[in-house]
Amino acid sequence: MLKWLLRKTPLLGLMVVLLEACNPTGNGSDGRQVFRFNDASGILTLDPAFAKDQSHIWASMLFYNGLVRFDDRLRAVPCIANSWEILDSGTTYRFHLRTDVFFHAAPELPKEAAGRMVVADDFVYSLHRLTDPAVASPGRWVMRPVDQDSSGTHLSITAENDSTLLIRLRHPFPPFLSLLAMPYCAVVQKEAVQYFGADFRSHPCGTGPFRLFLWKEGVRLVAWKNDRYFIKDDSGHALPYLDAVEMRFINDKQSAFIEFLKGNLDFLSGLDPSYKDELLTRDGKLQQRHQGRFQLETLPYLNTEYLGILVDTNVVGMRNNPLLHPKVRQALAYGFDKRRMMLFLRNNMGTPGDYGFIPPGLPGFDSTTGYRFDPDRARALLREAGFPGGKGIPEIVLGTTSSYLDLTEYIKSQWEDLGLRIRIDINQAAVHRKLVAEQKLGFFRGSWIADYPDAENYLSLFYSRNAAPRGPNYTHFHDPETDRLYEQAGRTIDDSLRAKLYAEIDRKVMEASPVIILYYDKVIRLRRNNVEGLPPNSMNLLLLDRVRKSAMR
């Protein structure tokens with residue numbers, strides 16, 4: 001059955017064939033509903049202040065809630081705040097909190113603190129904590145729209161009483177509610193943070209649908225149902241339906257795919273070269289042999305995959321780097337065929353990156369912006385930059401991870417046709433992310449999954465005040481006019497005018513080319529037939545509080 005896997009790894013493939021005959025119930029032996037999924041990247045912390053990538057966001061959403069949350073259509077809807085008013089022309093938000101929300105009961109805390117009710121002061125503490133230099137949260141930038149005192153150390157976030165929270169902004173910022181739905185803005189218990197100190201990373205004390213039972217780092221995480229969870233379904237039944245969640249950390253994606261086929265995982269996200277042809281036809285359909293065995297769900301993903309170039313002359317090693325020349329960067333962008341890359345290496349799962357950084361589907365996307373395959377134009381740009389046929393350009397080192405090796409090898413071969421010398425440097429995913437954040441890679445593969453569904457979030461990567469490590473501007477791109485337009489867009493309430501400003505910023509960024517777009521991804525989910533209530537969404541958020549599992553027939 002699994003001819004491709006048998007061809008690649010005969011012994012492993014044979015094991016899968018033998019075990020496919022099994023028909024596990026997917027639930028615990030005592031009938032409890034246990035949802036099992038894998039995260040190949042792994043996690044380093046359960047502190048929501050560090051929920052900066054998909055792996056940590058998925059983990060944080062098990063244990064924490066904020067004022068608002070995203071529904072499956074990515075709208076900001078009530079959560080711990082059951083209502084709010086927006087006052088003073090969009091600069092003041094008054095939130096009214098529920099009075100039936102309780103922190104997980106940590107037995108290490110004093111009796112009066114363990115499992116106590118959430119009050120407005122808890123949000124004052126939690127949101128201020130994001131900007132505390134001692135915490136060094138990568139989400140510090142999220143609080144930038146909030147007004148501050150003259151010292152810049154105290155945010156205008158106050159508790160009017162236990163159930164009323166007031167947040168004042170510097171100026172109107174239309175995406176603010178969506179920004180508050182990010183896990184960064186989840187409420188944490190001050191007593192727990194102070195008691196556990198550095199170990200708070202492994203002692204989540206939130207209000208979410210699950211509470212931690214076990215975390216064996218690099219192996220698995222198990223979370224039990226929170227019996228005091230405050231959200232109910234439309235019929236008034238308590239959520240979550242699941243009794244437990246198991247998050248596994250199998251870093252070999254082929255092995256994870258086999259575990260899914262064996263029935264040991266209920267859900268798998270993403271497409272990996274190791275199994276893409278076993279799973280999909282060339283045009284992206286589920287292979288006939290798998291039809292009916294599980295569900296394949298796809299939809300456009302608010303995820304731009306790109307190559308980033310550090311354009312900061314103050315960083316060691318970049319001062320005389322030819323990649324600082326805009327025409328060299330533009331030549332690279334013109335120099336490989338993204339459409340063929342998607343067809344042969346991604347089974348057409350995604351849209352070729354022929355446009356700007358803003359992905360299709362968001363206001364501000366402009367189909368006239370970007371770079372399409374044009375090797376003649378690429379060669380002309382290299383000549384104009386003073387490097388005819390690539391002569392004079394030293395070896396270019398591109399940092400990536402093993403999951404993207406096939407793509408980068410393909411790009412390398414096409415750039416070598418232009419006369420360039422390319423070396424690919426492979427690192428583990430966690431190491432790669434760290435090197436990028438610390439400006440230790442001059443040329444790197446990156447991806448940006450929307451934190452909230454607004455183009456402002458994508459363009460924040462090119463705002464100079466967001467330069468890493470303080471924020472997500474990993475290329476250290478700096479252009480005063482782009483900064484001005486970005487700030488203007490952030491204050492613009494009119495949606496159509498704001499979209500025009502977004503498009504103009506995207507054009508300017510693409511002209512400067514600190515990034516080279518690879519493709520706009522698709523959400524690709526594999527779900528076992530007995531799993532219900534797990535709708536896909538274009539941010540690939542894992543919303544588990546309404547998931548049900550039935551016994552397999």
Side-chain angles (χ1 to χ4, degrees), residues 47-52 64 66-68 76 80-81 84-97 118-190 193-194 451-452 454 456-457 459-473 476 478 480 482-493 498 501 505:
D47 185 340
F50 297 89
K52 64 184 177 68
Y64 292 98
L67 292 164
V68 295
I80 295 178
W84 56 83
E85 301 103 33
I86 303 175
L87 311 168
D88 302 328
S89 301
T91 59
T92 302
Y93 288 70
R94 177 179 284 117
F95 294 94
H96 303 284
L97 309 189
V118 174
V119 295
D121 268 328
D122 293 314
F123 278 100
V124 175
Y125 169 76
S126 300
L127 297 178
H128 271 91
R129 181 172 178 261
L130 284 181
T131 65
D132 184 348
V135 176
S137 167
R140 179 186 182 117
W141 61 274
V142 171
M143 289 292 100
R144 187 162 291 139
V146 179
D147 199 12
Q148 301 180 21
D149 62 12
S150 58
S151 68
T153 59
H154 187 76
L155 301 172
S156 186
I157 302 174
T158 56
E160 291 189 333
N161 52 56
D162 280 353
S163 61
T164 308
L165 182 75
L166 202 67
I167 301 179
R168 291 188 174 88
L169 307 186
R170 298 177 180 181
H171 50 71
F173 186 69
F176 187 61
L177 278 177
S178 291
L179 191 148
L180 289 177
M182 296 168 58
Y184 283 137
C185 299
V187 66
V188 298
Q189 186 175 6
K190 181 178 181 179
V193 174
Q194 293 178 337
D451 293 309
Y452 46 93
D454 192 281
E456 186 274 340
N457 184 228
L459 300 177
S460 68
L461 272 74
F462 309 104
Y463 182 49
S464 63
R465 290 185 62 193
N466 286 341
R470 298 188 307 274
N473 183 350
H476 280 206
H478 183 195
T482 300
D483 282 354
R484 185 189 69 79
L485 291 170
Y486 177 82
E487 292 170 357
Q488 181 182 346
R491 293 190 294 266
T492 301
I493 297 176
R498 192 167 70 253
L501 289 168
I505 297 167

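Residues: numbered from 1 along the sequence shown.
Rounded to the nearest 0.5 Å, atoms CG (Leu501) and CD (Glu456) are 12.0 Å apart. The distance from atom CG of Leu461 to atom NE2 of His476, rounded to the nearest 0.5 Å, is 11.0 Å. Rounding to the nearest 0.5 angstrom, the gap separating the OG atom in Ser178 from the CG atom in Asp451 is 11.0 Å. Here the CD1 atom belonging to Ile80 is positioned 7.5 Å from the CG atom belonging to Leu97, to the nearest 0.5 angstrom. The distance from atom CG of Asp483 to atom OG of Ser464, rounded to the nearest 0.5 Å, is 3.5 Å. Going from atom CZ of Arg94 over to atom CG of Asp88 covers 8.5 Å, rounded to the nearest 0.5 Å.
Counting only heavy atoms from C-beta outward, the side chains of Asn473 and Tyr463 never approach each other to under 4.5 Å. For the pair Leu127 and Ile167, the minimum side-chain heavy-atom distance is below 4.5 Å. Side-chain contact between Tyr64 and Pro183 is absent, with no heavy atoms from C-beta onward closer than 4.5 Å. Side-chain contact check for Leu67 versus Phe123: some heavy-atom pair is nearer than 4.5 Å. Tyr93 places a side-chain heavy atom less than 4.5 Å from the side chain of Leu169. Using a 4.5 Å cut-off on side-chain heavy atoms (C-beta onward), Cys185 and Met143 make contact.
Using cut-offs of 30° and 60° for the angle between ring planes, the Phe95 and Trp84 rings count as tilted.
Nearest approach of Ile505 to Ala489, heavy atoms of both residues: CD1-CB, 4.5 Å. The nearest pair of heavy atoms linking Ile493 to Ser89 is CD1-O, 4.0 Å. Scanning both residues, Arg170 and Gln148, for their nearest heavy atoms gives NH2-NE2, 3.3 Å. When all heavy atoms of Arg140 and Thr131 are compared, the closest pair comes out as NH1-O, 2.9 Å. Of all the heavy atoms in Pro138 and Lys52, the pair that sits closest is CG-CD, 3.7 Å. Phe50 and Ala136 get closest at one heavy-atom pair: CE2-O, 3.5 Å.
No hydrogens or angles considered: nothing links the side chains of Tyr125 and Gln189 as a donor-acceptor pair under 3.5 Å.
Between the side chain of Asp122 and the backbone N or O of Val119, at least one donor-acceptor pair lies under 3.5 Å. With hydrogens and angles ignored, the 3.5 Å screen pairs no side-chain donor or acceptor of Arg168 with any backbone N or O of Asp147. Under the 3.5 Å distance criterion, the side-chain polar atoms of His96 are left unmatched by any main-chain donor or acceptor of Ser163. Side-chain N or O atoms of Thr492 include none that pairs as donor or acceptor with a backbone N or O of Arg498 at under 3.5 Å.
Asp47 is linked by a salt bridge (charged side-chain N to carboxylate O under 4.0 Å, His left out) to Arg129, counting only residues two or more places apart in sequence or in another chain.
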Verdict with supporting geometry, Tyr452 and Leu177, side-chain contact (heavy atoms from CB on, under 4.5 Å): CA-CA 9 Å; Tyr452 46 93; Leu177 278 177; over 6 Å; no
